[in-house]
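Beneath this line is the structure, given in structure tokens, with notes to follow.
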Protein chains: 2
Amino acid sequence: MSREMVRQGGRSARIQKAVHEASRALLEEIDRSKITVPMIAERAGVTPSTIYRRWGTLTDLLADVAVERLRPVTGPEDTGSTSGDLEAFVLQYAEEMSSPVGRALLRDVMAEAQSDGATIRCCQYTYDHLDEIAARAAARGEAPFDVPEMIDRTVAPICYHILFGDRDVSSDYCRTLLQRAAA
Amino acid sequence: MSREMVRQGGRSARIQKAVHEASRALLEEIDRSKITVPMIAERAGVTPSTIYRRWGTLTDLLADVAVERLRPVTGPEDTGSTSGDLEAFVLQYAEEMSSPVGRALLRDVMAEAQSDGATIRCCQYTYDHLDEIAARAAARGEAPFDVPEMIDRTVAPICYHILFGDRDVSSDYCRTLLQRAAA
DNA sequence: ATTCGTAACGCAAATTATTTGCATTAAGGG
DNA sequence: CCCTTAATGCAAATAATTTGCGTTACGAAT
């Protein structure tokens, strides 16, 4: 009686894939506020009730999709120097997130009410990237930096301005943040 | 044919007030994800269609309510010194926003898709507060500070950690941010 | 004050989304 | 290969959202 675990293979996985793909496709085609669960279900070739049972709400589903999209496929670029690595990472982060799609993903991730869900997983990617850059710095014998502090000084302001839309997050602005962080 | 403007007085205002009050009351009582438009309508004594026509969606309504709640009723406290004013403001901001209700408000404000809506209005309050503190500093002959930079160094990290839930936003942490900003 | 034009509302019907009960399918272990 | 049961499909039931239309009541002008 060890009971069954969550099933991962076969049909279940196929459906998750189909639903995610349908969601991504719709996010590209039509406005996010016009997307509905039945719409995604039809495109994915499943019944709406399946989606409701597995994801609960449209918000949760879109958050799940967003986290998946925000997961980096590759580690941070190795430019040979810590400052170069940091600049490459921060500029790419800002560019990805400030696009209309990126902004929508960010909002979807945060909309998920439960704090122990998608949000932490999502910003964990940022910690991991910076950890790796810091580890490289140490391996090179360069001066190390504090990862949480680096997030406070660069990533946090970038997210703030993207989410509140109170200013443009340009490359120049990102470099200013990096200079402040280095001081 | 200059025609009618948006109506503000009388019935229209009463309904807006009733709906806002009903929303606030429900936000205190039950989980945000369980709140529905018909629920608010009943509590406010209006028909659901009125809410749908005026606010469009539940998200937009809650964002509207959130902005209203986040609007400060009073200016920043005058402690006699700039560092004191800043500390008072930042600590109060963090405390307000990190509560379950504050966090929900923050999420609601951001969930509203259109960037030119509630979000800007909401963070404008922060700019205004800091502007006033900076003006006081100048009036006292103290060294001025750059308001956008202060936001980047204090408010932005606070919002980031509240929204992503990756760390606790304690008073000690806020003071650390203020010390960094002063350096 | 009274009248007039119309924005905002209430009501109810139509549409659409969400939930739920039950039968069926297919993982995954024995 | 069989057995248990998680996950799905289907369809009915419920709830939310939209919409048409008649009514109310701002607000402007007379």
Side-chain angles (χ1 to χ4, degrees), chain A residues 1-23 25-27 29-65 68 108 111-114 117, chain B residues 1-23 25-27 29-65 68 108 111-114 117:
Chain A
M1 302 284 269
S2 67
R3 301 303 80 183
E4 306 275 333
M5 306 286 96
V6 175
R7 299 188 177 178
Q8 320 172 337
R11 182 171 66 165
S12 195
R14 274 199 307 281
I15 284 179
Q16 158 154 356
K17 185 159 170 281
V19 169
H20 273 227
E21 280 175 2
S23 302
L26 285 169
L27 281 168
E29 290 173 25
I30 66 177
D31 194 53
R32 203 183 127 294
S33 63
K34 304 287 183 188
I35 296 177
T36 65
V37 170
M39 211 179 277
I40 295 171
E42 189 187 17
R43 169 85 65 120
V46 300
T47 57
S49 62
T50 294
I51 293 181
Y52 287 118
R53 276 201 251 256
R54 274 187 67 162
W55 283 277
T57 68
L58 177 62
T59 297
D60 290 338
L61 168 57
L62 291 181
D64 191 37
V65 171
E68 204 58 27
D108 286 334
E112 200 209 20
Q114 309 73 302
Chain B
M1 302 285 267
S2 67
R3 296 312 77 179
E4 308 275 335
M5 307 285 94
V6 175
R7 301 190 174 177
Q8 320 173 337
R11 182 171 65 165
S12 194
R14 275 199 307 281
I15 285 179
Q16 157 152 356
K17 184 158 172 283
V19 169
H20 273 225
E21 279 176 2
S23 302
L26 285 169
L27 281 168
E29 289 173 25
I30 66 176
D31 194 53
R32 202 178 123 292
S33 63
K34 304 288 183 188
I35 296 177
T36 65
V37 170
M39 210 178 279
I40 296 171
E42 188 187 18
R43 169 86 66 119
V46 299
T47 58
S49 62
T50 293
I51 293 181
Y52 287 118
R53 277 201 249 258
R54 274 186 69 160
W55 282 278
T57 69
L58 177 62
T59 298
D60 290 338
L61 168 57
L62 291 181
D64 190 37
V65 171
E68 203 60 27
D108 286 334
E112 201 209 17
Q114 309 72 300

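Each chain gets a letter, A, B and so on, in the order the sequences are listed, and its residues count up from 1.
The side chain of A:S49 approaches C:dT19 more closely than any other nucleotide in the set C:dC9, D:dT8, C:dT19. Closest to the side chain of B:R54, out of C:dC9, D:dT8, D:dT19, is C:dC9. Comparing C:dC11, D:dA7, C:dT19 by their nearest atom to the side chain of A:Y52 picks out C:dT19.
B:I30 contributes atom CD1, which lies 11.5 Å from atom CZ of B:R32 (distance to the nearest 0.5 angstrom).
Within the helix from C:dA1-D:dT30 to C:dG30-D:dC1, the inter-axis angle between the opening and closing five-pair segments is 40°, rounded to 10°.
Judged as a salt bridge (charged side-chain N to carboxylate O under 4.0 Å, His left out), and not counting sequence neighbours, the contacts of A:E21 are A:K17. For B:E68, the salt bridge (charged side-chain N to carboxylate O under 4.0 Å, His left out) test picks out B:R71, with sequence neighbours left out. Residues satisfying the salt bridge (charged side-chain N to carboxylate O under 4.0 Å, His left out) criterion with A:R53, sequence neighbours excluded, are absent altogether.
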Distances under 3.5 Å only, N/O to N/O: pair up the protein atoms with those of nucleotides 22-25 of chain C.
{"residue": "C:dT25", "atom": "O2", "partner": "A:R11", "partner atom": "NH2", "Å": "3.2"}

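Applying the 4.0 Å criterion to OP1 and OP2 of D:dG9, one finds that A:T47 has a side-chain N or O inside that range.
Here A:T57 lies out of heavy-atom contact (under 4.0 Å) with every strand.
Distance B:L58 CG to D:dT17 P: 7 Å, rounded to the nearest Å. Rounded to whole Å, the distance from CD1 on B:I51 to C1' on D:dT18 is 14 Å. Going from atom NZ of B:K17 over to atom P of C:dA8 covers 20 Å, rounded to whole Å.
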A:V65 vs A:D108, side-chain contact (heavy atoms from CB on, under 4.5 Å): CA-CA, chis, key distance, verdict: CA-CA 9 Å; A:V65 171; A:D108 286 334; over 6 Å; no
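Within residues 34-43 of chain A, the residues having any heavy atom under 4.0 Å from DNA chain C are, by residue number, A:T36, A:V37, A:P38.
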